Amino acid sequence: MLLDSCWGLSKALVKFWGIMQTIRKTGSMAQSINSPKNIHKLVLALLASTALVACEPASNSNTETTAATEQSATAAVEQTETERLNVWFEAQFETEVSFSPIQQTFLGRKSDNDKIDDFSKEAQDKRLAWKRASVAEMKSKFNYDALTDDGKISWDIWESQLLRSEAANKFRLNAYIFEQMQAVHSFFPQLLIAFHRVDDAADMEAFNARIKASAVALDQLILLSKENAAAGVRPPLFAFNTVLEESQKIITGAPFDDGEDSAVWAKAQANIVALKEAGTIDDAQAEVLAETARSALISDWKPAYERLIAWQKEDKVNASEEAQGVSALPDGAAYYNERLANHTTTDLTYDEIHALGLSEVARIRAEMEAIREQVGFEGDLPAFFKELRDNKDDQRYYYSNTDEGRQGYLDDATAAIEAMKLKLPEYFGILPKADMVVKRVESFREQAGAAQHYFPSTPDGSRPGVYYAHLLDMTSMPKRELEVIAYHEGLPGHHMQIAIQQELTGVPTFRTQARFNAYSEGWGLYSEKLAKEMSGTYADPYSDFGRLGSEMWRAVRLVVDTGLHAKGWSEDQAVAYFLANTAAPEQQARSEVQRYIVMPGQATSYKIGMIKIQELRARAEAALGDKFDIQSFHDTVLAGGALPLSILERRVNQWITSH
């Protein structure tokens, strides 16, 4: 029979491919044969000759049979080459992770948990040189054309990471080292308090070692900051003020003075008490561990932060009181173009992004007008903004600025996420395994009106994802924004996307950790609108207005970010535009604008990414008609991990074609 004859042939070909692999590995044939492309040709040649004999009796023509077997062999070659590449990627990922003890901790590992990353310029150069060599090795060892579609995506991501790093490296002196948003100065206590797991005495010893290592890292960062300042690059005055205030908080309290326990010291003692209660250590061990932590905090940690404070005070006098965009920096225009390309993963110009923002602002304002009319407000839209912004004692609009109000916010945000969990199976086939929680930002880094944010779970789910809320000033936290922020930061937003990505098993591990801002933030913003399609969400028209307000923020960002960094806008001009188009309280609007100033380009990624995902969904719906399945579409977007937008588009197009 044809089936039996061809199955026998397929087995023979598999065996032949195995022989070719062995030959290539042992080098027992000429180098010309030792090439995936040439081996591929050998397989096809064998197929072409053998198929004529093995399948001759069939009713199908020889041409059809040969074409089918060639297609099968091509798929086998692609799969084998992709499997080889994936094995190589695993080794590369382990090497890359070895550069970062911090990333190892984020992954839930305990390897190198007594260390902190090397932040020196030399270490940065070493890591970039390794990535260059890695990409060169990939190109020399593997044949791109012999990969599966997903194998090609992995290749392209690995190479794109290098290209992005190379582009950013040209502007290393343009970066702000210490500022209020990425806040590396407050990251070290957060690492110890929120991420360093202590299960035994060795973990606590590592905790204490990290106190000392953090001091070394701070000194390395201070040196980088001094080099950039010497090149004429320093953040605006407001960033200095925040860094100084937060750094002082970190070394205030016991054991540094007679006050209440500082955050890190309190955590150290809590760890030790927990170990004693678990019977893991005895009193003598506990005393040694506590004294080691105390000594490291006083002898290493505090002096390092004092050096940071001294440097910030010294350089603060050189900062411009009026904040300026990065175009005012040396080579600032080119730097901003690089930042836009990095964050959006597109080649859109700042003029194109600015124009898109203006268009989106106009569209969203029209939708806001509809809700203003729905709730029966008689004034115009600016008056409605003022109504929502200024009536801070109105319980319809704001929580009370008390601990009770703060707890109310946390409870309501948690409830919104719990309700969303029940709706997800209707829209997604793949769901995250890791849980998530809502927490208030730690006191040493909390800022009034600052943006809420998310920290990922571990790949194994042992540590949940965390949606952090700044609750210092509840008059900067309108009730109408609670629901939309919960969906963006939690479900179906960042936690959904990142947890699923980290839990993927069908892609190389490095892809479970890849980050592309336009994809991740675009998904978060898409999720806000997706929630509108689900029953029971945004039932209160003010919450729906909050959803539009959130989208408006992202549209405003396109205008304001490009205005600040490419069109000479002042901070006050940017704040005025923000207030003219949103109901955000002024403190919140200014905090947002100051964020854009120190993170050029980052704020543009949200709307650019959202629009691309919406475009791809509309394309799929139009192409597939009744065959379009929302679960399958979302799984296609999420199951490849974070991607540059061009690669995401390729993946979705392939999915459409396959249907």
Side-chain angles (χ1 to χ4, degrees), residues 13-47 70 73-100 103 122-170 341-342 345 504 506-516 640-644 646-648 650-651 654:
L13 288 172
V14 170
K15 184 175 182 180
F16 174 78
W17 176 252
I19 294 170
M20 289 296 98
Q21 286 289 86
T22 302
I23 290 171
R24 189 156 57 82
K25 289 177 182 176
T26 59
S28 57
M29 289 187 70
Q31 185 63 35
S32 61
I33 295 178
N34 190 26
S35 158
K37 188 176 294 184
N38 289 336
I39 292 174
H40 185 191
K41 292 178 181 177
L42 283 173
V43 175
L44 295 181
L46 177 66
L47 279 167
E70 284 187 2
T74 299
V77 171
E78 289 176 350
Q79 187 62 38
T80 304
E81 186 72 351
T82 299
E83 288 170 356
R84 289 181 57 243
L85 179 62
N86 287 347
V87 170
W88 182 84
F89 273 139
E90 292 308 303
Q92 296 300 296
F93 177 72
E94 290 304 319
T95 301
E96 190 166 41
V97 169
S98 71
F99 287 113
S100 176
Q103 187 180 6
E122 293 75 18
Q124 294 175 34
D125 290 340
K126 179 181 178 182
R127 187 164 182 169
L128 182 57
W130 172 82
K131 191 76 169 188
R132 287 191 195 111
S134 175
V135 170
E137 181 181 341
M138 177 179 70
K139 292 181 176 181
S140 69
K141 283 189 172 182
F142 303 97
N143 178 12
Y144 182 86
D145 294 332
L147 298 172
T148 62
D149 288 340
D150 202 55
K152 290 175 181 176
I153 286 177
S154 297
W155 173 302
D156 291 341
I157 294 173
W158 192 253
E159 184 176 16
S160 75
Q161 289 177 334
L162 171 64
L163 296 176
R164 283 154 52 93
S165 296
E166 295 278 25
N169 189 59
K170 296 175 183 177
N342 182 289
T345 67
L504 292 175
V507 299
T509 305
F510 88 89
R511 284 178 58 181
T512 71
Q513 301 302 313
R515 298 289 180 262
F516 296 95
L643 303 169
S646 60
I647 298 179
L648 173 64
R650 185 207 308 172
R651 179 175 167 83
Q654 290 168 347

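Throughout, numbering of the chain's residues begins at 1 and tracks the sequence. Only a predicted model underlies this, so the values are computations on that prediction, with no experimental measurement involved.
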So how far is it from [X] [atom1] to [Y] [atom2], rounded to the nearest 0.5 Å?
| X | Y | atom1 | atom2 | value |
| --- | --- | --- | --- | --- |
| Arg511 | Ile153 | CZ | CD1 | 5.5 Å |
| Ile647 | Phe516 | CD1 | CZ | 6.5 Å |
| Ser134 | Arg127 | OG | CZ | 12.0 Å |
| Lys152 | Thr82 | NZ | OG1 | 9.0 Å |
| Asn86 | Thr148 | CG | OG1 | 7.5 Å |
| Ile157 | Leu162 | CD1 | CG | 14.0 Å |

Write down the atom of [X], the atom of [Y], and the distance for their closest heavy-atom approach.
| X | Y | result |
| --- | --- | --- |
| Arg651 | Gly640 | NH2-N, 3.5 Å |
| Thr95 | Trp130 | CG2-NE1, 3.3 Å |
| Ala146 | Glu81 | O-CB, 3.4 Å |
| Asn342 | Arg164 | O-NH1, 2.7 Å |
| Leu504 | Thr512 | O-CG2, 3.8 Å |
| Pro644 | Ser160 | CG-OG, 4.1 Å |

Between Trp158 and the options Phe142, Phe93, Phe510, the ring pair (Phe, Tyr, Trp, His ring centres under 6.0 Å) test singles out Phe510

Is there a side-chain contact between [X] and [Y], using heavy atoms and a 4.5 Å cut-off?
| X | Y | value |
| --- | --- | --- |
| Leu85 | Lys141 | no |
| Val97 | Gln513 | no |
| Lys126 | Phe99 | yes |
| Asp150 | Val507 | yes |
| Leu128 | Arg132 | yes |
| Val87 | Glu90 | no |

Consider side chain to side chain donor-acceptor pair (under 3.5 Å). Of Glu159, Gln161, Glu166, which one does Lys131 pass it with? Gln161

Treating Ser100 as the side-chain partner and Glu96 as the backbone partner, does any N or O pair qualify as donor plus acceptor under 3.5 Å? no

Please state whether the rings of Tyr144 and Trp155 are parallel, tilted or perpendicular, taking 30° and 60° as the class boundaries.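 Perpendicular: the ring planes of Tyr144 and Trp155 meet at over 60°.
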
